[in-house]
Amino acid sequence: MDKILVIDYGSQYTQLLAKRIRDLGVYSEVVQYDDEFSLENVKGIILSGGPDSVYSEEAPDISDVILNSKIPILGICYGMQLIAKKLGGEVGKTENAEYGKTKINVVERSLLFQNFEKEFIAWMSHKDVVTKVPKGFIVTSLTVNNIISSFEDKIRKIYAIQFHPEVRHTEFGIDILKNFAVDICDLKTSWTLINFVEKKIKEIKEKIRDKKAIIALSGGVDSSVAAVLTHKAIGDNLKAIFVNHGLLRLNEVKEVESTFRDYIGLNLTTINAEDRFLEKLEGVTDPETKRKIIGENFIRVFEEEARKEKDCEFLIQGTIYSDVIESAKSGKKTFKIKSHHNVGGLPEHIELNIVEPLKDLFKDEVRSVGEILGLPREILYRHPFPGPGLAIRIIGEITKDKLKILKKVDNIFIQTLKETGWYEKVWQAFAVLTPVKTVGVVGDQRSYGYTVSLRAVDSVEGMTADWSKIPFEVLDLASSRITNQVEEITRVVYDITSKPPATIEWE
Ligand code: XMP
């Protein structure tokens with residue numbers, strides 16, 4: 001399959017570059033600059049940005065094989081400076097470091113900038129600048145500060161830009177990538193995720209052959225898509241394990257079983273470990289201790305089950321690209337943003353080979369793959385659900401009674417959002433059971449029950465979030481249904497805090 005290879009020099013945006021190109025209909029994948037990789041079927045190469053200075057001692061390099069390959073090259077930011085340095089240009093420090101939106105003036109006609117205006121805004125993030133372009137190259141644009149923002153040698157098809165076309169703030173960024181892929185690399189825009197699905201199924205088949213594999217299914221989008229994709233490749237040799245820790249939503253166990261066992265035909269085993277988890281959580285009120293207990297026991301239950309499987313050699317994981325970047329495992333040089341806390345995660349010492357078929361995809365791509373594989377919309381467009389489940393939505397001690405109350409309240413809230421068309425408009429919604437008891441009145445009687453908080457947020461990947469501006473009528477409907485149908489609740493409040501300063505979950 002013809003492709004554009006993105007060589008990663010450590011920018012946060014490298015995978016996004018590959019995604020933008022795939023969104024154009026051209027297959028693209030990322031390799032690390034110091035990996036061994038083949039140039040077979042590579043019709044274009046992009047050198048990503050990165051945190052280094054080309055003159056630092058450990059500055060990542062590029063091999064002459066690539067520079068002399070005659071394959072069109074586009075260097076971005078660090079990639080541009082690397083081209084300049086390697087081919088005899090000069091790179092220096094500037095006093096006018098440019099960050100953020102910067103005006104660019106096109107000074108020479110370029111295939112990269114065809115079909116749009118001579119002035120545009122681009123997203124910059126650099127300290128070093130190219131002060132002299134290599135022999136045979138011409139400068140094609142300058143920033144308002146007169147800094148070289150692009151240069152090229154159209155005969156050798158080597159192009160370089162200082163700004164980031166993959167970032168939304170760059171006007172015409174997508175056009176630049178398209179001009180590179182289509183006009184410079186001569187690629188067709190006919191690739192779709194259907195090709196990805198076919199390629200992955202083939203790869204999984206070749207890797208696992210007649211051996212067995214196991215997956216922890218959580219019912220969330222990522223593990224569901226990974227399971228179905230792998231099932232297409234190896235059929236019943238995939239064993240899916242669904243750990244019911246008792247902290248799931250109302251009817252969740254039945255829904256997951258009926259979707260995956262009855263509808264998809266997965267070889268699925270549900271482990272009912274509710275009592276085990278509740279026993280371990282008895283008397284525990286500290287949020288971090290709750291998470292730790294659940295995480296450890298989840299892994300233990302899963303391992304016990306995995307050990308029962310003879311000649312199982314592979315562990316399938318639904319890791320997607322945002323998980324990789326959050327735990328900074330992607331490029332060796334990408335800085336850590338946040339530790340991921342996924343209890344569906346990895347038994348690290350388990351002796352199985354890990355297969356992560358979705359690890360280069362973004363959430364929207366994972367959903368599209370799920371659609372191609374025929375997964376129902378209710379699974380694909382589900383709100384995220386945390387590994388520790390309702391345990392971190394019951395503030396204080398977890399009891400069976402409290403779980404029962406919260407499951408009912410949560411279900412009413414979610415159903416109300418679905419009925420009113422708000423479920424898919426918000427990124428995540430749920431209820432939190434607080435330990436606060438307040439006075440109410442039911443009929444003519446005094447009542448004394450729990451306070452529940454409803455929470456709904458708008459977000460992209462959960463790193464930051466705004467509280468959702470759900471109409472009062474919808475909140476009103478949810479509130480009156482909750483107090484009518486769940487007698488233990490006397491008060492309903494709506495959480496209007498964004499992240500930061502709050503987090504999305506309460507614990
Ligand atoms: P916070 O509360 O950190 O949540 O703002 C951000 C997103 O992550 C989810 N979340 C978790 N997901 N295991 C998970 O798999 C966890 O331990 C966990 N804690 C929070 C949360 O639901 C939200 O979508």
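Both ligands and their constituent atoms are indexed starting at 1 by order of listing. Computed from a predicted structure; not experimentally measured.
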Can you sort out which atoms of ligand 1 are near P388, meaning under 4.0 Å from one of its heavy atoms?
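That gives atoms 13 (N), 16 (C), 17 (O) of ligand 1.
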Show me which atoms of ligand 1 lie under 4.0 Å from any heavy atom of T503.
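So the atoms of ligand 1 that pass are 1 (P), 2 (O), 5 (O).
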Qualifying ring-ring contact (aromatic ring centres under 6.0 Å, His included) pairs with a residue from residues 369-419, counting only residues at least two apart or across chains
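Residue pairs with at least one partner in residues 369-419: H383-Y423.
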[X] to ligand 1: N or O pair under 3.5 Å?
X	value
Q428	yes
G462	no
K499	yes
G387	yes

Correct closest heavy-atom pair for I504 and F430 would be O-CZ, 3.4 Å
Report yes or no: does a heavy atom of W427 sit under 4.0 Å from some atom of ligand 1?
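In this structure, W427 qualifies as a contact of ligand 1 - some heavy atom is under 4.0 Å.
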Does atom NZ of K178 have more than 12 heavy-atom neighbours, drawn from other residues, nucleotides or ligands, at distances under 6.0 Å?
no
Taking atom 17 (O) of ligand 1 as the point of reference, which of E507, R291, H383 owns the nearest heavy atom?
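Heavy atom nearest to atom 17 (O) of ligand 1 belongs to R291.
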Any side-chain donor near an acceptor of the partner, T497 and D495, under 3.5 Å
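D495 and T497 do have a side-chain donor-acceptor pair below 3.5 Å.
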Tell me whether E313 is salt-bridged to K212, with the criterion being a basic N under 4.0 Å from an acidic carboxylate O.
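Salt bridge flag = no for K212 with E313.
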Under the rule for side-chain hydrogen bond (donor to acceptor under 3.5 Å, both in side chains), what residues qualify as partners of H231, not counting sequence neighbours?
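For H231 there are no side-chain hydrogen bond (donor to acceptor under 3.5 Å, both in side chains) partners, ignoring immediate neighbours.
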